[in-house]
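What follows is a set of notes on a single structure, which appears directly below.
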Protein chains: 2
Amino acid sequence: MRKLKKLNRIYWIYGGVMGLLMILLEVIHYRTMVRDIEIEVYGAIIGILFLAFGIWLGTSLIKKNSQEKYDPFKLGLSKREVEVLELLAQGFSNQEVADKLFVSLNTAKTHISNIYSKLNVKRRTQAIQKARDMALIHPSKE
Amino acid sequence: MRKLKKLNRIYWIYGGVMGLLMILLEVIHYRTMVRDIEIEVYGAIIGILFLAFGIWLGTSLIKKNSQEKYDPFKLGLSKREVEVLELLAQGFSNQEVADKLFVSLNTAKTHISNIYSKLNVKRRTQAIQKARDMALIHPSKE
DNA sequence: TCATAAATCACCCGAAAGAATGAAAGAAAT
DNA sequence: ATTTCTTTCATTCTTTCGGGTGATTTATGA
């Protein structure tokens, strides 16, 4: 639903930019009616414009593809649990998680256990994996 | 050293393709000397070619940037240890790692401990993190 | 206001993980 | 040949994890 909507808007943008580009070309075309001399320039301009547009379009498309799965914490995870998950993925121990959140070790463990059952995993490494795959947490790099 | 070399080769390739594109345009240009009628077609061809080139170039550049750090296991890691690291990153327990490599649990634990000291970490989650960051192991997705 | 969910903490227990050593056989290098 | 490295395994000990259960205190919403 929302996904489709968003994708569509992106394609509208692409279309719009493309249209603007065409208009720009038309303008250039009718401006340089003294073509016989200017045809090389005309070609160069078109080339540069479309090259730029292509690069922009290509990079945009890749970026869209590599993100956009972002499942918010709608797997029953509470915001506190997402916080904990974030810390887990950063390699902290139970005790460290507890300290960072200013709660007791027992509380941290409770959160972590709940995360496991909600993510349907048995170990923290699996939880981290799943969280990354489903983009439940902030990506580490790039 | 090797990094620079590789990057340079990539730019050579880009340059080469760009050159071919230019030659192609020249050919098209002198082929369609009946321009007054064909100038729109000429523009369209240039546009399409450069658009395609731009997209290709853009996506290639992004991909190159997002990889390319690949540090082989020159941190003192033996090949066996890299194997173990690979399995760790897949979320397996010590026992599972041992089973998959047909060695005893003790052996697996020894490898894992050695990995920790070589990567200078204290926990398996940190080892996995570091292995990913330094691209010591195969990426999980994409 | 009453029920429900979230967040907090405690206690117990067994399993897994990790640290510290030692040791031994085979491969590889010099 | 003789080191050096790798891989293998064992033992002991401590710490950390994870499961299970139960309880209290806010919030939130119906």
Side-chain angles (χ1 to χ4, degrees), chain A residues 70-138 140, chain B residues 70-138 140:
Chain A
Y70 256 77
D71 269 317
F73 41 107
K74 300 302 180 192
L75 307 199
L77 291 177
S78 72
K79 65 192 85 163
R80 198 56 159 171
E81 286 162 350
V82 173
E83 283 186 81
V84 173
L85 195 46
E86 206 87 51
L87 293 173
L88 279 194
Q90 286 167 40
F92 293 113
S93 68
N94 290 358
Q95 186 61 62
E96 287 169 335
V97 170
D99 292 344
K100 294 203 175 273
L101 297 181
F102 303 104
V103 296
S104 80
L105 174 60
N106 287 316
T107 302
K109 287 173 69 174
T110 302
H111 285 315
I112 292 171
S113 281
N114 291 335
I115 291 172
Y116 293 166
S117 61
K118 287 180 182 176
L119 290 188
N120 201 31
V121 297
K122 300 210 177 314
R123 281 186 281 285
R124 67 174 45 206
T125 48
Q126 295 175 340
I128 295 171
Q129 248 196 167
K130 204 150 199 173
R132 287 199 198 290
D133 285 353
M134 309 179 72
L136 301 173
I137 58 177
H138 296 145
S140 48
Chain B
Y70 257 79
D71 268 318
F73 43 106
K74 299 302 180 190
L75 307 199
L77 290 177
S78 71
K79 68 191 83 163
R80 198 57 159 169
E81 285 162 350
V82 173
E83 283 186 81
V84 173
L85 196 46
E86 206 87 51
L87 294 173
L88 280 194
Q90 286 168 41
F92 292 114
S93 68
N94 289 359
Q95 186 60 63
E96 287 169 336
V97 170
D99 292 344
K100 292 200 176 277
L101 297 182
F102 303 105
V103 297
S104 79
L105 174 59
N106 288 315
T107 303
K109 288 171 73 171
T110 301
H111 285 315
I112 293 171
S113 282
N114 291 335
I115 291 172
Y116 293 166
S117 60
K118 287 180 183 176
L119 290 188
N120 201 30
V121 297
K122 300 209 179 310
R123 280 183 282 286
R124 66 173 44 206
T125 49
Q126 296 175 339
I128 295 170
Q129 245 197 171
K130 203 149 198 172
R132 287 201 197 289
D133 285 353
M134 309 179 73
L136 302 173
I137 57 177
H138 296 144
S140 47

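Since this is a predicted model, take the numbers as computed values, not measurements. Order of the sequence lines sets the chain letters (A, B, ...), proteins ahead of strands, with each chain counted from 1.
A salt bridge is absent between B:Lys100 and B:Glu86: the closest approach of a Lys/Arg side-chain nitrogen to an acidic carboxylate oxygen does not fall below 4.0 angstrom.
In this model, the phosphate group of D:dT7 is not approached by any side-chain N or O of B:His111 to a distance below 4.0 Å at OP1 or OP2. At C:dT8, none of the side-chain N or O atoms of A:Ser104 fall inside 4.0 Å of OP1 or OP2 (strictly under the cut-off). A sub-4.0 Å separation between OP1 or OP2 of C:dA16 and a side-chain N or O of A:Arg123 is absent. Contact check, B:Tyr116 against C:dG18: a side-chain N or O comes under 4.0 Å of OP1 or OP2. Neither OP1 nor OP2 of C:dA16 sits under 4.0 Å from any side-chain N or O of B:Asn94.
Each of C:dA17, D:dC17, D:dT8 was ranked by its minimum atom distance to the side chain of B:Thr110; first place goes to D:dT8. With C:dT8, D:dC9, C:dA17 as the candidates, the nucleotide lying closest to the side chain of A:Thr107 is C:dT8. Comparing atom distances between the B:Lys79 side chain and each of C:dT8, D:dC17, D:dT7 picks out D:dT7 as nearest. Nearest nucleotide to the side chain of A:Arg80, out of C:dA7, D:dC17, D:dG18: C:dA7. Looking at the side chain of A:Ser78, the nearest of the listed nucleotides C:dC12, D:dC9, C:dA6 is C:dA6.
Between A:Leu119 and A:Leu85 the shortest side-chain heavy-atom distance falls below 4.5 Å. Side-chain contact check for B:Glu81 versus B:Asn114: some heavy-atom pair is nearer than 4.5 Å.
For the pair A:Asn114 CG and D:dT21 C1', the interatomic distance rounds to 13 Å; values are reported in whole Å. Between the P atom of C:dA7 and the NZ atom of A:Lys100 lies a distance of 20 Å, rounded to the nearest Å. Per the geometry, CD1 belonging to A:Ile112 stands 14 Å off P belonging to C:dA7, to the nearest Å. As rounded to whole Å, 12 Å separates atom C1' of C:dA17 from atom CD of B:Gln95. Between the P atom of D:dA10 and the CG atom of B:Leu105 lies a distance of 9 Å, rounded to the nearest Å. Atoms CZ (A:Phe92) and P (D:dT15) sit 22 Å apart, rounded to a whole Å. Taking atom CD1 on B:Ile115 and atom P on D:dT6, their separation rounds to 13 Å, with Å as the unit. Nucleotide D:dT7 holds its C1' atom 11 Å from the CD atom of B:Glu83, rounded to whole Å.
Contacts of A:Asn106 with the nucleic acid, taken as non-hydrogen atoms under 4.0 Å apart, include base atoms. Counting non-hydrogen atoms under 4.0 angstrom, B:Ser93 reaches the backbone sugars and phosphates but no base. Counting non-hydrogen atoms under 4.0 angstrom, A:Lys109 reaches a base of the nucleic acid.
Side chains of B:Gln129 and B:Asp133: no donor on one and acceptor on the other come within 3.5 Å.
Formation of a donor-acceptor pair under 3.5 Å by the B:Thr110 side chain with backbone atoms of B:Asn106 is found in this model. Remark: side-chain polar atoms of B:Arg132 are paired, donor with acceptor, to backbone N or O of B:Ala89 under 3.5 angstrom.
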